[in-house]
Q: 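Mind looking over this structure? Questions follow.
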Amino acid sequence: MPRYDAKRIEEKWQQYWDEQNTFVTLNSPQAGSKGKMYVLDMFPYPSGSGLHVGHPEGYTATDIVVRYNRMQGKHVLHPMGWDAFGLPAEEHAVKTGTHPAVTTKENIATFKRQLKMLGFSYDWSRELSTTDPDYYRWTQWIFLQLFDTWYDVTCEWTGPDGAQRTGKGRPISELPIPENVVELMSKARTSSPSPPSGGEGRGEGANVASGMSREEAVRRYQDAHRLAYVSEAPVNWCPGLGTVLANEEVIDGKSERGGHPVQRLPLKQWMLRITAYADRLISELDNLDWPESVKLLQRNWIGRSVGAEVDFLVEGRGSKVEGEDNTLDLQPSTFDDWKQQRQASGFPATPEPNVLRVYTTRPDTLFGATYMVVAPEHPLVDQITTDAQRDAVNAYREKAALKSDLDRTDLAKEKSGVFTGAYAINPVNGEEVPIWIADYVLISYGTGAIMAVPAHDERDLEFAQTFDIPVIEVVESGSDEANIGFTGEGTAINSGEYNGLPTAEFKQKITSELNAAGLGRQAVNYKLRDWLFSRQRYWGEPFPIWHELDADGNPTGLMRADEPADLPVLHPHMEDFKPTGTPEPMLSKASPDWLYKTAADGTRLKRETNSMPQWAGSCWYYLRFCDNRNGEFFIDPELEKYWLPVDLYIGGVEHAVLHLLYSRFWHKVLFDRGHLTTAEPFHKLVNQGMILGENNEKMSKSRGNVINPDDVVKDYGADSLRLYEMFMGPLEQVKPWQMKGVEGVFRFLGRVWRMYVDDAADNVVLSDAVQDIPLTEEQERVLHKTIKGVTDDIERLAFNTAISKMMEFTNFFTGVSPRPRAALQPFALLLAPFAPHIAEELWALLGNADSLAYASWPEYDAAKTVEAEAEIPVQFNGKVRCKLRVPQNADKETMQSLAEQNPEVQKHLEGNSVVKVVVVPGRMVNFVVKPN
RNA sequence: GCCGAAGUGGCGGAAUCGGCAGACGCGCUGGAUUCAAAAUCCAGUGUCCGUAUGGACAUGUGGGUUCGAGUCCCACCUUCGGUACCA
């Protein structure tokens, strides 16, 4: 009794595909190729718990697209690999002592077995893992590219894609060195520097203040401009995980993974200057075929705002601190002198020591500024605070420093702050405004200081109300809305000569006037921060960087990169994977022969002991798949040109910001450096929706609603799992699992099986009902409609409706006997992308010798998909009252007269007069009537 | 708070361009087959009124545009996801 036996069929064909190398893809197109198609899944982290039902959702979708396109003659690239660095394997090592590499290898084996079990048509010869030394050799190489690159903001150039751009990543050797570099860098080592963007380039142990050679100064200057740089900034140190985390990995003051508390600590860390690419990361989103919501998410994350920087002179009173050289050099002692001087000098790159620079997006509200706020960490605080306020200010600063970001947000309900005792002078009207410190102003955004306009900013208003600060309204809402608290655009009031100007015009006017007066300038700011790129763990890529040591073995702050030929930098051998318990990286426990070496010039060197974050490996894996065995280069430029960009990329929304932003950033750097010809990596992006448990909740062990794909395959087979995951609903939608639904598609496959196979026979043979007979007109129509429907649905990724159309076909043809082979043959091909195992089996039963993987996709004749006659509704005042049969191609007049002749219609027309008749050819007739 | 997505039978969902709402599947009801069951096959299945032909009401709520609205416009409600003092 050869019933539908999924297990037998699936094992048979999986073995066949393996043995025949059916899905191995050469880099040169096959004869008659209809063009390349690169379809990619977001590769998984191979966790110890194996595949989750969420994985096969996206993977089945891409597999359908890929199998379909192969049959359409496309040259298809569809690879799979492993994002295998990361904490879990290392935490397992801490507990058991098993090397993370061993655990990783085992987990990969499990994942691979599971993926093969589901019949995905990956080209396994292109498999890679981010943990392979052959792979991370090139991750390290790309890091060296970042290290070797500075961003030339003004460079205008045309890329290999033909597009014109301003701004380019260029070799560090081409960085112009300023004349006074020695002076500049000597100063930077002793005082706190403020280089172009971010707080990079802080000097090392400031005991060698002077006597810097030009060569050293140049190196330090270059280091301060690299895309990969070292910064000592407050970071999110997580004692529970023993590592530093990126801002994005901290949620509500706890680590995203594990929920451990996170503290702020100043630490020396590697940063990547992603902010340099902020504008291009926004503007080049435009031409991508991505969900608008994801583009918006990225735009918001980057958070570009255009506003103005405005300088406020701090009033001279009380600005002395006891002790050393703190005499504020108030050369232009009066506001008028200062303005005059600025008129002559223009707006300086860095303001004088007695000037407070603020950033605002609403320069049109300058007349409404009633106080200033500087962040507690702002360097000017010490200098401007009056003696009377000093204790209060210091106490507040200490409290703020101890607060984590969580505390700051938690206390957000209550605005807090302290008056510094100092006043600034509003450059537009010479009014004195008090300067406060408050933690609702962040040091890391803009200039770390604001002018507060309580009338037109929620936060400022709240603060002003708490501390009884005057509120001056300067924008008229122009509607019922009260002016106070109105944050939109309106018309200027109480703004002197500017009264009556609309917001936009006012902004433009005052910005250019401030600029002309040397008091302000237009400025752009981003929410996006530079990317904190180092971690303190063992199981990540080591950095290919050495630190120079002085005679006492202390780091000088100067660095050397490994030669590309010396890559990869392998991990040191370790027995003990326990974290150091301090922010000191794990790799610092390595043996001295890994940690130290002496350079050819005799300099003692110590290896960088941080490791790269998990994001590093996933930033470029899509490139390596094109050329995964290349020992000479990370990708053959010809292959990049051929395969890239990825035509379809499917994965979860959780990567909408980080992974996709980081990848795009690296891609653009490599593009700027001439290694790539495409400016963007992923042309079309689709996010699959999450699969919930049967109870409509997220699947989790604690809720006990986790579905294991292994069990589903055991009970129903891979084809049923694939089919069900696609039948559940639209790919992008969140949807709950229903085991009854799996049974439904399993029954469907059983019906398909019996449509071909004689299940009463002893062997698997074609049913006697399947015969070489011509199709009836109706059968032909059903066939062609099905081919058209399934084809169109696959093209628009509507797999659920494609499946329902195949169900309709099956419902129709199981009721037909004898069944023409000419209908069943193409149907097996239609089914193949969805349920490839049973399709191959039926294809073979029909007498085909080869796999259907490269068989031609069935074609349809549009003329054969429609009936000669159509049944259309006849409406009266928009309500369907009866049906009418009309020729498919009938024109309006014919349809109307056919309708009018119909006795049923005439009955409805009785006693009414026709006002109007609406006819849509081939669809409907509507009589608009009025009772007589 | 802000941003985004979505609300259609008992359930998952369909309706691609403003034109027969509920395709397809699940569940349920009845029947066939069977000693019985499983499996399979056939029929029915939005709600209400009616024996019935038929009719009324129905796509979160309230308005609007239109000959005609699940689909377009306005206001609101609910759910889910993201985000959090970014000046």
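Every heavy atom of this structure was used, including side-chain atoms; hydrogens, water molecules and symmetry mates were not. These numbers come from a predicted model, not from an experiment. Residue numbers start from 1 in every chain, and the chains themselves are labelled A, B, ... in the order their sequence lines are given, proteins ahead of strands.
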Q: Take atom NZ of A/Lys930 and atom C1' of B/C67, then tell me their distance rounded to the nearest Å.
A: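 Between C1' of B/C67 and NZ of A/Lys930: 14 Å.
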Q: Which label fits A/Phe834 and A/Phe799: parallel for a plane angle under 30°, tilted from 30 to 60°, or perpendicular past 60°?
A: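 Perpendicular: the ring planes of A/Phe834 and A/Phe799 meet at over 60°.
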Q: Take the protein atom CG of A/Leu356 and the nucleotide atom C1' of B/A87, then report the distance between them rounded to whole Å.
A: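 One finds 13 Å between C1' of B/A87 and CG of A/Leu356, rounded.
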Q: How long is the line joining CD of A/Glu694 and C1' of B/C26, in whole Å?
A: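 Those two atoms, CD and C1', are 11 Å apart.
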Q: Tell me, for nucleotides 69-77 of chain B in 5' to 3' order, what letter each nucleotide earns: B for a base near a protein heavy atom under 4.0 Å, S for only sugar-phosphate near one, - for neither?
A: ---------
Q: With sequence neighbours left out, write down each residue that passes salt bridge (charged side-chain N to carboxylate O under 4.0 Å, His left out) with A/Lys892, or none if nothing qualifies.
A: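 A/Lys892 satisfies salt bridge (charged side-chain N to carboxylate O under 4.0 Å, His left out) with no residue once adjacent residues are dropped.
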Q: If you measure from the C1' atom in B/A21 to the same atom in B/U59, how many Å do you get, rounded?
A: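 Nearest-Å result for B/A21 against B/U59 at atom C1': 7 Å.
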Q: Please classify the nucleic acid contact of A/Arg299 as base, sugar-phosphate, or nothing, using heavy-atom distances under 4.0 Å.
A: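 Nothing, no heavy atom under 4.0 Å.
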Q: Looking only at atom P, what distance separates B/G22 and B/G46, rounded to whole Å?
A: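 Here B/G22 and B/G46 have their P atoms 10 Å from each other.
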Q: Quick check on B/G7: syn or anti? Syn means the glycosidic torsion is within 90 degrees of zero.
A: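 Anti.
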Q: Taking the six-membered ring for Trp, are A/Phe463 and A/Tyr371 ring centroids under 6.0 Å apart?
A: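 Yes, close enough.
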Q: Is the shortest side-chain N to carboxylate O distance from A/Arg362 to A/Glu489 below 4.0 Å?
A: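 Looking at A/Glu489 together with A/Arg362, the answer is no, because their closest N to O distance does not fall below 4.0 Å.
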Q: Going by atom type alone, with no hydrogens or angles, which donor-acceptor pairs under 3.5 Å involve a side-chain atom of residues 304-311 of chain A and a protein atom two or more places apart or on another chain?
A:
{"unit_1": "A/Arg304", "atom_1": "NE", "unit_2": "A/Asp279", "atom_2": "OD1", "d": "2.6"}
{"unit_1": "A/Ser305", "atom_1": "OG", "unit_2": "A/Tyr359", "atom_2": "OH", "d": "2.7"}
{"unit_1": "A/Ser305", "atom_1": "OG", "unit_2": "A/Tyr445", "atom_2": "OH", "d": "3.1"}
{"unit_1": "A/Glu309", "atom_1": "OE1", "unit_2": "A/Arg521", "atom_2": "NE", "d": "3.2"}
{"unit_1": "A/Glu309", "atom_1": "OE1", "unit_2": "A/Arg521", "atom_2": "NH2", "d": "3.1"}
{"unit_1": "A/Asp311", "atom_1": "OD1", "unit_2": "A/Arg357", "atom_2": "NE", "d": "2.7"}
{"unit_1": "A/Asp311", "atom_1": "OD2", "unit_2": "A/Arg342", "atom_2": "NH1", "d": "2.9"}
{"unit_1": "A/Asp311", "atom_1": "OD2", "unit_2": "A/Arg342", "atom_2": "NH2", "d": "2.8"}
{"unit_1": "A/Asp311", "atom_1": "OD2", "unit_2": "A/Arg357", "atom_2": "NH2", "d": "3.1"}

Q: Tell me the interatomic distance from A/Asn695, atom CG, to B/G12, atom P, rounded to whole angstroms.
A: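 Nearest whole value for this atom pair: 13 Å.
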Q: Determine the Euclidean distance between corresponding C1' atoms of B/G12 and B/G18; express it in Å to zero decimal places.
A: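 About 27 Å, rounded to a whole number of Å.
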Q: Does a salt bridge link A/Arg796 with A/Asp792, judged by any charged N lying under 4.0 Å from a carboxylate O?
A: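 No, A/Arg796 and A/Asp792 are not salt-bridged.
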Q: Among B/C67, B/C85, B/A87, find the nucleotide with the atom closest to the side chain of A/Thr360.
A: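 For A/Thr360, the side-chain atoms sit closest to B/A87.
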Q: Aromatic ring centroids of A/Phe746 and A/Tyr4 under 6.0 Å?
A: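 Ring-ring flag for A/Phe746/A/Tyr4: true, centres closer than 6.0 Å.
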Q: Take the protein atom CG of A/Asp439 and the nucleotide atom P of B/A84, then report the distance between them rounded to whole Å.
A: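 Computing the A/Asp439:CG to B/A84:P distance gives 17 Å.
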Q: I'd like the P distance from B/U8 over to B/C80, given in whole Å.
A: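 Result for the P pair: 14 Å, nearest Å.
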Q: Rounded off to whole Å, could you give me the CE-to-P distance for the A/Met690 and B/G81 pair?
A: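 Those two atoms, CE and P, are 7 Å apart.
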Q: Would A/Glu867 and A/Arg885 pass as an ion pair if we require N to O under 4.0 Å?
A: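 Counted as a salt bridge, because a side-chain N and a carboxylate O are separated by less than 4.0 Å.
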Q: Between A/Tyr359 and A/Arg754, which residue's closest nucleotide on RNA chain B lies nearer the 5′ terminus?
A: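 Whichever sits nearer the 5' end wins; that is A/Arg754.
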Q: Say you pick atom P in B/A6 and the same atom in B/C73; how far apart are they, in whole Å?
A: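 Result for the P pair: 13 Å, nearest Å.
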Q: Select base, sugar-phosphate, or nothing to describe what A/Thr814 touches, counting heavy atoms under 4.0 Å on all strands.
A: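 No contact.
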Q: For B/C42, measure the glycosidic angle (O4'-C1'-N9-C4 for a purine, O4'-C1'-N1-C2 for a pyrimidine) and name it syn if it falls within 90° of 0, otherwise anti.
A: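 What B/C42 shows is an anti base, its glycosidic angle lying more than 90° from 0.
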Q: Can you list the residues that meet the side chain to side chain donor-acceptor pair (under 3.5 Å) rule with A/Lys507, with sequence neighbours excluded?
A: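 A/Lys507 satisfies side chain to side chain donor-acceptor pair (under 3.5 Å) with no other residue.
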Q: Any salt bridge (charged side-chain N to carboxylate O under 4.0 Å, His left out) pairs touching residues 918-928 of chain A, not counting sequence neighbours?
A: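 Of all non-adjacent pairs touching residues 918-928 of chain A, none passes salt bridge (charged side-chain N to carboxylate O under 4.0 Å, His left out).
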Q: Can you check nucleotides 15-25 of chain B for protein contacts, nitrogen or oxygen pairs under 3.5 Å, and list what you find?
A:
{"unit_1": "B/U16", "atom_1": "O4", "unit_2": "A/Lys805", "atom_2": "NZ", "d": "3.1"}
{"unit_1": "B/G19", "atom_1": "N2", "unit_2": "A/Gln875", "atom_2": "OE1", "d": "3.4"}
{"unit_1": "B/C20", "atom_1": "O2", "unit_2": "A/Lys883", "atom_2": "NZ", "d": "2.9"}
{"unit_1": "B/C20", "atom_1": "N4", "unit_2": "A/Glu871", "atom_2": "O", "d": "3.1"}
{"unit_1": "B/A23", "atom_1": "O2'", "unit_2": "A/Glu808", "atom_2": "OE2", "d": "3.3"}
{"unit_1": "B/G25", "atom_1": "OP1", "unit_2": "A/Asn811", "atom_2": "ND2", "d": "3.0"}

Q: Taking atom types as modelled, find out whether A/Glu743 and A/Tyr724 have a side-chain donor-acceptor pair closer than 3.5 angstrom.
A: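 Side-chain D/A pair, A/Glu743 to A/Tyr724: absent.
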Q: Measure the distance from CG on A/Asp759 to P on B/A39 and round it to the nearest whole Å.
A: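 Whole-Å distance recorded here is 15 Å.
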Q: In whole Å, what is the span from the CE atom of A/Met806 to the C1' atom of B/A14?
A: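 Atom CE in A/Met806 sits about 16 Å away from atom C1' in B/A14.
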Q: Above 12 or not: heavy atoms from other molecules or residues under 6.0 Å from CD of A/Gln508?
A: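 At most 12 heavy atoms, drawn from other residues, nucleotides or ligands, come within 6.0 Å of this atom.
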Q: Mind checking the CG-CZ spacing from A/Leu749 to A/Arg754? Nearest 0.5 Å is all I need.
A: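 CZ of A/Arg754 is found 10.5 Å from CG of A/Leu749.
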Q: Can you name the closest pair of heavy atoms from A/Met895 and A/Ala890 and give their distance?
A: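 Where A/Met895 meets A/Ala890 most closely, the heavy atoms are CG-CB, 3.7 Å.
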Q: Which is true for A/Val734 with a 4.0 Å heavy-atom rule: it touches a base, it touches only sugar-phosphate, or it touches nothing?
A: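 It contacts sugar-phosphate atoms only.
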Q: Quick one: stems for RNA chain B, with Watson-Crick or G-U pairs under 3.5 Å, at least three in a row?
A: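 Looking at RNA chain B, the stems formed by three or more consecutive pairs are B:1-7 with B:77-83, B:10-12 with B:24-26, B:27-32 with B:40-45, B:46-49 with B:54-57, B:60-64 with B:72-76.
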Q: Checking A/Glu732 now: which residues fulfil side chain to side chain donor-acceptor pair (under 3.5 Å) with it, not counting sequence neighbours?
A: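 Expected list: none.
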Q: Look for any protein N or O under 3.5 Å of an N or O in nucleotides 1-10 of chain B and output each such pair with its distance, or none.
A:
none

Q: With 3.5 Å as the limit, what N/O pairs link the protein to nucleotides 46-49 of chain B?
A:
none

Q: I'd like to check the side chain to side chain donor-acceptor pair (under 3.5 Å) partners of A/Arg819; sequence neighbours left out, ordered by chain and number.
A: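 With neighbours one apart ignored, the set is empty.
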Q: B/G55, B/A39, B/U83: which one has an atom nearest the side-chain heavy atoms of A/His908?
A: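 Comparing B/G55, B/A39, B/U83 against the side chain of A/His908, the answer is B/G55.
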Q: Going by the rule side chain to side chain donor-acceptor pair (under 3.5 Å), which residues pair with A/Arg881 if we only count those two or more places apart in sequence or in a different chain?
A: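 With neighbours one apart ignored, the set is empty.
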Q: Using 4.0 Å as the upper bound for N to carboxylate O, is an ion pair formed by A/Glu910 and A/Lys907?
A: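 No, A/Lys907 and A/Glu910 are not salt-bridged.
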Q: Say you pick atom C1' in B/C20 and the same atom in B/G10; how far apart are they, in whole Å?
A: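 That atom pair is separated by 25 Å.
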Q: How far does the C1' atom of B/A43 sit from the matching atom of B/G50, given to the nearest Å?
A: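 Looking at atom C1' only, B/A43 and B/G50 are 23 Å apart.
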Q: Measuring only the C1' atom in each nucleotide, how far is B/G60 from B/U66? A whole number of Å is fine.
A: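 That atom pair is separated by 23 Å.
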Q: When you match A/Met451 and A/Leu297 each to their closest nucleotide on RNA chain B, which lands nearer the 5' end?
A: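 Taking each residue's closest nucleotide, the earlier one in sequence belongs to A/Leu297.
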